[in-house]
Student: 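Handing you a structure now.
Owing to the predicted nature of the structure, the values given are computational and were not obtained by experimental measurement. Order of the sequence lines fixes the chain letters, A, B, ..., with proteins taken first and strands second; residue numbering starts at 1 for each chain.
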2 protein chains.
Amino acid sequence: MIPRVMSRAPLHPTREQIELPMVLDCLSDPIRLAIVYQLAQQERVSSELCCGDFSGLSGKSNLAYHFAKLRECGLMLTRVAGTNRFMRLRREDLDARFPGLLDAVLSSAAKDADRLQLIAECDVTVAG
Amino acid sequence: MIPRVMSRAPLHPTREQIELPMVLDCLSDPIRLAIVYQLAQQERVSSELCCGDFSGLSGKSNLAYHFAKLRECGLMLTRVAGTNRFMRLRREDLDARFPGLLDAVLSSAAKDADRLQLIAECDVTVAG
DNA sequence: CCCTATGTTCAACGTTTATTGAACTATTGA
DNA sequence: TCAATAGTTCAATAAACGTTGAACATAGGG
């Protein structure tokens, strides 16, 4: 019986192991696309996001499932810090491996931001 | 009972109906990526390809399934001519809708052409 | 007119996927 | 030490997916 542990550092593929079909498939899910989109917006501030920041998109366990997929296909990096996991895009690796792809996807997504519901409703600023 | 007919012109989405997640999902399948890749190579000659030209990738009925997906998500156009169906990329619509995306995918795919088996074995030129 | 070639449609199948809630692990702060 | 917090893992489910072969539709050539 393999013990179920969550303290170990999550596994990430090397740059060369990142595969185009896996990346495209990962980005084709609306929830994962929204996660990547929000991570990309956070890039400018060079800061990271943790799981809780995406609670507007889905439930915790479903998010954990999508985070795992994003990690396994090489789209993002997870850093464990206490009870939090901080995540960021693997921008450099992706740009090296598939030049222009991530930006094309992100700007295409931005154009359809509302149609794609990239920003969770609870993230919208409420006047008052 | 709806009669099953194959003479009618296949349905294609309008430019505005083309959705990013559907396109990414379509491109994430190795067989469909290979089809798109070969269509893109044919673009230079501004000519079209018909189903039989892809017989190296899979069986006829499986190809018809993938062609339908590619059509329905707006990646390619099918023109009926006698018993043949000629297909080509919806380059203009895709570039208008998602600037740079198709080229980024195609050049990323080209870099991994062998790994992705984009060219069917029977397409390889045999010396003799 | 029939036979062949081209390609589609259908039904069946096994596999993978996304989603849920409950159980669990691990860390922090009172 | 204990409760609260953050997030993962597991099992179960339903839906979607890719693949196959057989049946079908359509057009063209002898």
Student: Cys73(A): what forms a side-chain contact (heavy atoms from CB on, under 4.5 Å) with it, not counting sequence neighbours?
Tutor: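 Once residues adjacent in sequence are excluded, the partners of Cys73(A) under the side-chain contact (heavy atoms from CB on, under 4.5 Å) criterion are Met22(A), Cys26(A), Leu75(A).
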Student: Contact class for Asn84(A) vs. all strands (heavy atom < 4.0 Å): base, sugar-phosphate, or nothing?
Tutor: sugar-phosphate
Student: For DNA chain D, determine which residues of residues 64-74 of chain B have any heavy atom closer than 4.0 angstrom to one of its atoms, and list them numerically.
Tutor: Tyr65(B), His66(B), Lys69(B)
Student: Looking at side-chain heavy atoms only, is the closest gap between Cys50(B) and Asp53(B) below 4.5 Å?
Tutor: yes
Student: If I take atom CG in residue Asn62(A) and atom C1' in nucleotide dG7(D), what distance separates them, rounded to the nearest angstrom?
Tutor: 14 Å
Student: For a quick test of reading the model, state the closest non-hydrogen atom pair linking Ser58(B) to Leu63(B) and the distance between them.
Tutor: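 Here Ser58(B) and Leu63(B) meet closest at O-CD1, 3.6 Å.
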Student: Of the options Arg79(A), Arg85(A), Gln42(A), which is the one that meets Glu48(A) in a side chain to side chain donor-acceptor pair (under 3.5 Å)?
Tutor: Arg79(A)
Student: Figure out the NZ/C1' separation between Lys60(B) and dG21(D), and round it to whole Å.
Tutor: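 Atom NZ in Lys60(B) sits about 12 Å away from atom C1' in dG21(D).
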Student: Could you list, one pair per line, each protein nitrogen or oxygen that sits under 3.5 Å from a nitrogen or oxygen of nucleotides 11-15 of chain D, together with the distance?
Tutor:
none

Student: Would you say Arg32(A) reaches dA18(C)'s phosphate, i.e. side-chain N/O to OP1/OP2 under 4.0 Å?
Tutor: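 Answer is yes, contact under 4.0 Å.
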Student: I'd like to know if Asp112(A) pairs up with Arg97(B) as an ion pair, taking the criterion as any Lys NZ or Arg NE/NH1/NH2 lying under 4.0 Å from an Asp or Glu carboxylate oxygen.
Tutor: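 So Asp112(A) pairs with Arg97(B) through a salt bridge.
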Student: Any heavy-atom pair between the side chains of Phe98(A) and Val23(A) that's under 4.5 Å?
Tutor: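 In short, these two side chains touch, coming nearer than 4.5 Å.
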Student: Round to a whole Å and report the spacing from CE of Met76(A) to C1' of dG7(D).
Tutor: 12 Å
Student: Which residue lies toward the 5' end of DNA chain C, Thr78(B) or Asp29(A), if each is placed at its nearest nucleotide?
Tutor: Thr78(B)
Student: All N/O contacts under 3.5 Å from nucleotides 1-5 of chain D to the protein, with atom names and distances to one decimal?
Tutor:
none

Student: To the nearest Å, give me how far apart CG (Leu27(A)) and P (dT17(C)) are.
Tutor: 15 Å
Student: For Ile31(A), is there any backbone N or O sitting under 3.5 Å from a side-chain donor or acceptor partner on Asp29(A)?
Tutor: yes
Student: Using a strict threshold of under 4.0 Å (side-chain N to carboxylate O), is an ion pair present between Glu43(B) and Arg91(B)?
Tutor: yes
Student: Ser61(A) side chain: which of dT9(D), dG7(C), dT19(C) is closest?
Tutor: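 Selected nucleotide: dT9(D).
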Student: Would you list the atom pairs, donor with acceptor, under 3.5 Å between side chains in residues 9-17 of chain A and any protein atom, with sequence neighbours excluded?
Tutor:
| unit_1 | atom_1 | unit_2 | atom_2 | d |
| --- | --- | --- | --- | --- |
| His12(A) | ND1 | Pro10(A) | O | 3.1 |
| His12(A) | NE2 | Thr78(A) | N | 2.9 |
| Thr14(A) | OG1 | Gln17(A) | N | 3.3 |
| Arg15(A) | NE | Asp93(A) | OD1 | 2.6 |
| Arg15(A) | NH2 | Asp93(A) | OD1 | 3.0 |
| Gln17(A) | OE1 | Thr14(A) | N | 2.9 |

Student: Starting at CD of Glu48(A) and ending at C1' of dA6(D), how long is that distance when rounded to a whole Å?
Tutor: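 Rounded to whole Å, this separation is 16 Å.
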Student: Would you kindly give the CG-to-P distance between Leu11(A) and dT8(D), to the nearest whole Å?
Tutor: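 Taking atom P of dT8(D) as the reference, CG of Leu11(A) is at 14 Å.
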Student: Measure from CZ on Phe54(B) to P on dG7(C) and round the result to the nearest Å.
Tutor: 10 Å
Student: Once you round it to whole Å, what is the distance between P of dT17(C) and CG of Asp25(B)?
Tutor: 11 Å
Student: Using a cut-off of 4.0 Å on non-hydrogen atoms, how would the nucleic acid contact of Leu63(B) be classed: base, sugar-phosphate, or nothing?
Tutor: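 Touches nothing.
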Student: As a test of understanding, state which of Leu94(B), Asp95(B), Leu20(B), Leu27(B) forms a side-chain contact (heavy atoms from CB on, under 4.5 Å) with Leu101(B).
Tutor: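 The single option meeting the side-chain contact (heavy atoms from CB on, under 4.5 Å) with Leu101(B) is Leu20(B).
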Student: Please name the pair of heavy atoms, one in Leu57(A) and one in Ala34(A), separated by the smallest distance, quoted to 0.1 Å.
Tutor: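 Heavy atoms of Leu57(A) and Ala34(A) come nearest at CD2-CB, 3.8 Å.
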Student: With sequence neighbours left out, which residue pairs that include part of residues 16-63 of chain B fulfil the ring pair (Phe, Tyr, Trp, His ring centres under 6.0 Å) condition?
Tutor: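 Sorted pair list: Phe54(B)-Phe67(B).
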